[in-house]
Amino acid sequence: MCGITGWVSFHSDARTQTPVIEAMTATLAPRGPDAGGVWLGERVAIGHRRLAVIDLEGGVQPMTDRPDEPAIVISYSGEVYNHHQLRAELRRRGHVFRTRSDTEVVLRAYAEWGEAVAEHLEGMFAFAVWDEREQRLLLVRDRLGVKPLYWAAVDGGLAFASEPKALFAHPEIRPRVDADGLREAYSLLFNTGPTVWSGVREVEPGGLLVLDRDGIRERRYWQLEAAPHTDDRDTTVERVRELVGAAAHSQLEADVPLCSLLSGGLDSTVLTALLAGELRSRQGPEARIRSYAVDYSDQAVEFTGDILRTGHDTPYAVEAGAFIGTDHSTVVLDPRSLLDPAHRTAVVVARDSPIGVGDMDTSLYLLFGEIRQHSTVAVSGEAADEVFGGYPWFHSPRALAAGTFPWLLVTGDEAAMPLNPELDLRIAEFRDDSYRTALAAVPHLDGETPAEHRQRELQHLSLTRWLRQLLHRKDRLSMAQGLEVRVPYCDHRLVEYAFTTPWALKSHDGREKSLLRAAGAGLAPDSVLHRPKNHYPATHHPDYNRGLQQLARDALAAEQVRALTDETRLKPCLDTPPDRLEWGHRLRLERVVDLALWLDHHRPELAL
């Protein structure tokens, strides 16, 4: 896993701009703590920061097709899990390899297939290829958007980077935020394309961008399609187990220590069991995978439930680890570490955004920091809820009937940032327009029942929007600690198969994630296999709530924060006794604190 950046300009000579590309590359050092490098041509400058995972000696970047007078240069981030098969195919086609790295496989694959290279790759990736012969830049992002990739216009071309902070090190790109950016940030719709930053855009998941002297061209090389499903229930369950197993097995490869995130829920337990079984088959019956969970100091004494959490994770994680046979560790955090300004600032800096989920972000960042002391790669159960229908909105009559994004029924105005009404952002109108656009993109089959039609809409919205912010969160907070996190449930073949599976099969036992539960039989203890969905844990310690209220009061002392917020709507959140502060009101305070940190660190120009 790595960080990539650079620019192309047909109006200037990049060879005179070494300090600029070095500055852009340096901003991504946490993503790639092991090495860094730059490459400059007449029209292009390319930078790379490396987290070495496969072929530690040979995978140095930026990588060229030949040492002298290169025709192709690549800066690549991610993992291509079918690189062994592609390497064999490319060798049959006459290509000669200098390294064992998957980076070189992508480089040679581009030489063979051009921009069609994307369709041959399986994995998570974002990369830039400069073709010196064609004077052409190609930017590619993986199908689900696991790896980030941003771009912005510069004179005569564009700049690109894994994170916006690298773009802002370019002298022509400023951190500027306008009303459109605030709408994107605080509407909680998770559009892909526009960002909170004016002029900064994302390459779409499953998309690519080509820049040459004729201009910029974007297209999608992959998207979800509706197709008839002809497998019966038993066949479907078996196929799901095969696909999940294949994804897990392919993502076990690494030349560095690897571990699993084990929360004690269905998703992570099934995945960890598959990983552990594959590890034993490769290394012998005594092989054990490390597993990690996070907890809070107050939870062990008295768990406090809320709208998203119905049970304490740790006992289930410990039981699952013992059942599977992992070397399991629980990282326990206290209110002081979660409130520490240095930790919270690091999270906001990593995100390049004011939008997060407070203590849940800080705890994930701290968890990843602990894991990084022992492992360089972690495997996560992220995306199973989107793939298999695990969220409450798939099963709620209210959500099924709602004419808006289903998660807004949970996050909604109760937890939304209380923005100053004088800004007149018209977020309600923006949400309505975005919802119509989102529904228009959902593929359907002729003859679908109304119920199937609606469930397909909810799954498409979850996979193409809700999942995006979860993947952003996991990427930014893990890479800020120099940790690579892999997500096997985002394997596009599994996602495609599940998307075409009728809802009646997805919920055949009358519960959430029926297919994964059936496919995971025997891989998890019964207590975990039949446990209700539980979201990522949050602390409810009164000391944390008390400290958060004080941080919010301090944040509101800044004139710029007061100008953006509605203090009247924040007052009940500040005045409620700490031991009675509800989740939604607490999240409002979290957003105010994050806003203040974001403004203080990024110092954006506000054009409102």
Side-chain angles (χ1 to χ4, degrees), residues 23-24 27 148 150-155 158-159 161 163-202 341 344-358 361 411 413 415-431 433-434 469 472-473 476 551-571 573-574 587-608:
M24 294 173 71
T27 67
Y150 296 86
W151 66 277
V154 297
D155 181 40
L158 64 82
E163 299 178 7
K165 58 174 63 69
L167 297 177
F168 300 142
H170 190 286
E172 295 180 38
I173 305 172
R174 296 179 299 170
R176 184 175 183 272
V177 177
D178 56 21
D180 288 337
L182 287 184
R183 272 191 287 271
E184 290 290 346
Y186 288 108
S187 63
L188 306 180
L189 305 187
F190 316 116
N191 291 313
T192 293
T195 69
V196 64
W197 302 106
S198 179
V200 175
R201 297 182 61 84
E202 286 186 270
R344 297 191 69 108
T345 299
V347 167
V348 172
V349 171
R351 286 198 318 251
D352 283 331
S353 167
I355 291 298
V357 282
D361 281 354
T411 60
D413 290 335
M417 175 70 174
L419 293 169
N420 188 337
E422 294 183 6
L423 295 172
D424 193 27
L425 295 179
R426 298 181 293 177
I427 284 182
E429 295 177 34
F430 181 68
R431 283 174 170 170
D433 290 344
S434 297
Q469 51 95 19
H472 269 294
R473 173 177 179 249
R476 295 304 186 80
L551 288 177
R553 292 187 188 98
D554 295 343
L556 288 166
E559 180 179 351
Q560 207 171 32
V561 175
R562 291 198 306 274
L564 292 173
T565 57
D566 184 348
E567 292 186 77
T568 302
R569 294 176 62 197
L570 283 169
K571 193 174 187 306
C573 311
L574 294 166
L587 189 52
R588 284 188 180 183
L589 298 178
E590 302 275 16
R591 296 204 193 284
V592 171
V593 174
D594 284 355
L595 172 64
L597 292 171
W598 177 69
L599 290 169
D600 183 61
H601 178 80
H602 289 85
R603 301 191 180 281
E605 174 190 342
L606 298 179
L608 305 175

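Nothing here was measured: the structure is a model prediction, and the numbers come from that model.
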Residues that Thr192 engages under side-chain hydrogen bond (donor to acceptor under 3.5 Å, both in side chains), provided they are two or more places apart: Arg468
[X] side chain to [Y] backbone, donor-acceptor under 3.5 Å:
| X | Y | value |
| --- | --- | --- |
| Asn420 | Ala563 | yes |
| Arg591 | Gly356 | yes |
| Ser198 | Asp178 | no |
| Arg476 | Ala350 | yes |
| Arg174 | Phe168 | no |
| Arg431 | Leu189 | no |

Who pairs with [X] by ring pair (Phe, Tyr, Trp, His ring centres under 6.0 Å), at least two apart in sequence or on another chain?
| X | value |
| --- | --- |
| Trp151 | none |
| Tyr150 | none |
| His472 | none |

Can you see which heavy atom on [X] is nearest to which on [Y], and at what distance?
| X | Y | answer |
| --- | --- | --- |
| Met24 | Leu167 | CE-CA, 4.5 Å |
| Arg562 | Leu556 | CG-O, 2.8 Å |
| Ile355 | Ala185 | CG1-O, 3.2 Å |
| Ala169 | Thr27 | CB-CG2, 4.2 Å |
| Ile173 | Ala153 | CG1-O, 4.3 Å |
| Gly199 | Ala152 | O-CB, 3.4 Å |

[X]: side chain to side chain contact (heavy atoms under 4.5 Å, CB included) partners, not counting sequence neighbours:
| X | answer |
| --- | --- |
| Glu184 | Asn191, Pro194, Phe430 |
| Val349 | Lys165, Thr345, His601 |
| Leu564 | Leu182, Leu423, Leu595, Leu599, Leu606, Leu608 |
| Ala552 | Leu574, Leu589, Val593 |

What orientation do His602 and Trp197 show, parallel under 30°, tilted 30 to 60°, or perpendicular over 60°? tilted
Mind checking what makes salt bridge (charged side-chain N to carboxylate O under 4.0 Å, His left out) contact with [X], not counting sequence neighbours?
| X | value |
| --- | --- |
| Asp433 | Arg436 |
| Asp554 | none |
| Asp180 | Arg183 |
| Glu172 | none |

Pair Arg344 + Asp361, salt bridge at N-O below 4.0 Å: no
Does Glu590 reach the side chain of Val357, with side-chain heavy atoms less than 4.5 Å apart? no
So Leu419 and Ile427, do their side chains get closer than 4.5 Å, heavy atoms only? yes
Step by step, would you call Leu188 with Tyr186 a side chain to side chain contact (heavy atoms under 4.5 Å, CB included)? CA-CA 5 Å; Leu188 306 180; Tyr186 288 108; 5.9 Å; no
Could you measure the distance from the CZ atom of Arg588 to the CG atom of Asp566? Nearest 0.5 Å is fine. 8.5 Å
Nearest-0.5 Å distance that lies between atom OG in Ser353 and atom CD in Gln469: 10.5 Å
